Amino acid sequence: MEKLENEIKDESRVIWQKYHELNTYRIGELLKNNLELFVKKESSIFSAQVYEYNEIITADSVQIKVKFLMGYVEEQENLNSILQNYYLLPKKEYIEYKNLIEISDLDNIYMYLEKIVTKLKEVTLENSNIKYSYIWLLGDLLLEKLNVLNKISLVDDECVKEKLTANLRREGILKGILLNEPYWFNGKQDGDKKDRKYITSPFTFNDKSVIILFTGHKDIIVDEQYLVGLLKRFNEMFKK
């Protein structure tokens, strides 16, 4: 999977460099048109959205700002886009997480997770604020990176875990940004949006950090083969 993800990233860098050579207006028009063409061609998805994101570092936190750039959604589909959102992460834990995920040092990752477990033992239903939710999220992402998310739990109390989860809003796209690699997740909403599939992949576009968010029909099966195939076809379209 890692080799295929690196191939996708390498192809993406070439694609977005090609767009960088065009003026701003033409970049936007070409990208928007190709998003529409790709969605119409791919029967498993019905929307593609592009978001810009950046970090704003303060004394004790890191603010990740996500802003909608453009997108396309098929007719007869209901979709809520994020126009703009801010995620306020604890600085110390975020910086450590970012360093660990870049170097994949297993010993230090497990030491970090032990510190996360210790910190999360402080959490009760009364004090489970968004800061603790993001600390828990960072730890879970490392477990996911190690493919042990279903084997290890950072929080034992199920009621506390539910509260930490409830504090988070629109965290799927944030996870895609924090993992910095192709990622997919199921929708949690009720009604016609329940069990929709969401696929993200980060790129550098026109000197900006952006992330693509595809929305897929609930009956598709997303696995490694599907994920890699979809993103490779997406990259191929932009090579033309």
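Keep in mind that the numbers below use all heavy atoms, side chains included, and drop hydrogens, waters and symmetry copies. Since we're looking at a predicted model, the values are computed, not measured.
Taking a 6.0 Å sphere around NZ of K121, one finds it holds 12 or fewer heavy atoms contributed by other residues, nucleotides or ligands. Within a 6.0 Å radius of NZ in K91, more than 12 heavy atoms belonging to other residues, nucleotides or ligands are found. Other residues, nucleotides and ligands place no more than 12 heavy atoms under 6.0 Å from the CD atom of Q225.
Using a 4.5 Å cut-off on side-chain heavy atoms (C-beta onward), L146 and I109 make contact. T204 is not listed as a side-chain neighbour of V210, based on a closest heavy-atom distance of 4.5 Å or more. Using a 4.5 Å cut-off on side-chain heavy atoms (C-beta onward), W184 and T200 make no contact. With a 4.5 Å cut-off on side-chain heavy atoms, Y87 and I173 count as touching. Within the 4.5 Å cutoff, the side chain of L89 has no heavy atoms near those of the L137 side chain. Here the side chains of V222 and N186 are not in contact, with every heavy-atom distance at 4.5 Å or above.
In terms of heavy-atom proximity, N80 sits nearest to R170 at O-NH1, 4.0 Å. Contact between P202 and P182 at its shortest, heavy atoms only, is CD-N, 4.3 Å. Across all their heavy atoms, G71 and L35 have their closest contact at CA-CD1, 4.1 Å. Between L230 and E42, the shortest heavy-atom distance links the atoms CD1-OE1, 3.7 Å. In terms of heavy-atom proximity, G176 sits nearest to I211 at C-CD1, 3.7 Å. Between L164 and V155 the shortest heavy-atom distance is CD1-CG2, 3.9 Å.
Residues I221 and L227 fall into different hydrophobic clusters, defined by Ile, Leu, Val, Met, Phe, Trp and Tyr side chains chained together at heavy-atom separations under 4.5 Å. Side-chain heavy atoms closer than 4.5 Å link hydrophobic residues (I, L, V, M, F, W, Y) into clusters, and following such links, possibly through other members, connects L154 to L106. Cluster annotation: W136 and L88 are assigned to distinct hydrophobic clusters (Ile/Leu/Val/Met/Phe/Trp/Tyr, side-chain heavy-atom contacts under 4.5 Å, transitive). I152 and V117 fall within the same hydrophobic cluster, where Ile, Leu, Val, Met, Phe, Trp and Tyr residues are linked whenever their side-chain heavy atoms come under 4.5 Å apart, directly or through other members. Follow the hydrophobic side-chain contacts under 4.5 Å out from L37 and you reach F203 in the same cluster.
Of the charged side-chain nitrogens involved, at least one lies within less than 4.0 Å of a carboxylate oxygen, so that K161 and E158 count as a salt-bridged pair. Between K40 and E74 there is no salt bridge, since none of the side-chain N atoms of the basic residue sits less than 4.0 Å from a carboxylate O of the acidic one. Under a 4.0 Å N-O distance rule, the pair K98/E102 does not qualify as a salt bridge. Under the 4.0 Å criterion applied to side-chain N and carboxylate O atoms, E77 and R196 are assigned as salt-bridge partners. Ion pairing of E96 with K115 is present here, as a side-chain N (NZ or NE/NH1/NH2) and a carboxylate O approach within less than 4.0 Å. Here K145 pairs with E181 in a salt bridge; the nearest charged N to carboxylate O distance falls below 4.0 Å.
Judged by distance alone, the side chain of K197 and the main-chain N or O of K218 form a donor-acceptor pair under 3.5 Å. Between the side chain of S81 and the backbone N or O of L83 there is no donor-acceptor pair closer than 3.5 Å.
A donor atom on one side chain and an acceptor atom on the other are not found under 3.5 Å apart for E93 and Y112. In this model, no donor atom of one side chain and acceptor atom of the other lie less than 3.5 Å apart for Q63 and T58. S44 and Y226 share a donor-acceptor pair across their side chains, judged by distance under 3.5 Å alone. With no hydrogens or angles considered, no side-chain donor-acceptor pair links N108 and Y110 at under 3.5 Å.
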Q: Please lay out, stage by stage, how K175 and F185 fare under the test side chain to side chain contact (heavy atoms under 4.5 Å, CB included).
A: CA-CA 9 Å; K175 288 181 178 180; F185 56 97; over 6 Å; no
Q: Could you check E114 against T118 for side chain to side chain contact (heavy atoms under 4.5 Å, CB included), going step by step and ending with a plain yes or no?
A: CA-CA 6 Å; E114 287 176 3; T118 301; 5.5 Å; no
Q: Test side chain to side chain contact (heavy atoms under 4.5 Å, CB included) on V66 and Q84 and set out the steps.
A: CA-CA 6 Å; V66 176; Q84 185 169 284; over 6 Å; no
Q: Output, in order, the C-alpha distance, side-chain angles, deciding distance and verdict of ring pair (Phe, Tyr, Trp, His ring centres under 6.0 Å) for Y53 and Y51.
A: CA-CA 6 Å; Y53 64 92; Y51 293 89; 9.9 Å; no
Q: Take Y94 and E55, measure what side chain to side chain donor-acceptor pair (under 3.5 Å) needs, and give me the verdict at the end.
A: CA-CA 11 Å; Y94 173 75; E55 294 179 359; 2.2 Å; yes
Q) Would S209 and E52 count as a side chain to side chain donor-acceptor pair (under 3.5 Å) if you check the C-alpha gap in whole Å, the side-chain angles of each, and the deciding distance to 0.1 Å? A) CA-CA 6 Å; S209 295; E52 176 187 357; over 6 Å; no
**Q.** Check against side chain to side chain contact (heavy atoms under 4.5 Å, CB included), L79 and Q49
**A.** CA-CA 11 Å; L79 188 72; Q49 302 166 74; 3.4 Å; yes
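If you take CG on L168 and OG on S133, they are separated by 4.5 Å, rounding to the nearest 0.5 Å. Atom OG of residue S128 and atom CD of residue E162 lie 11.0 Å apart, to the nearest 0.5 angstrom.
Checked against the 6.0 Å centroid threshold, Y132 and Y134 do not count as a close aromatic pair. Ring centroid separation for the pair F38 and F214 comes in under the 6.0 Å cut-off.
Exactly one of N54, N85, L178 qualifies for a side chain to side chain contact (heavy atoms under 4.5 Å, CB included) with I64. That residue is L178.
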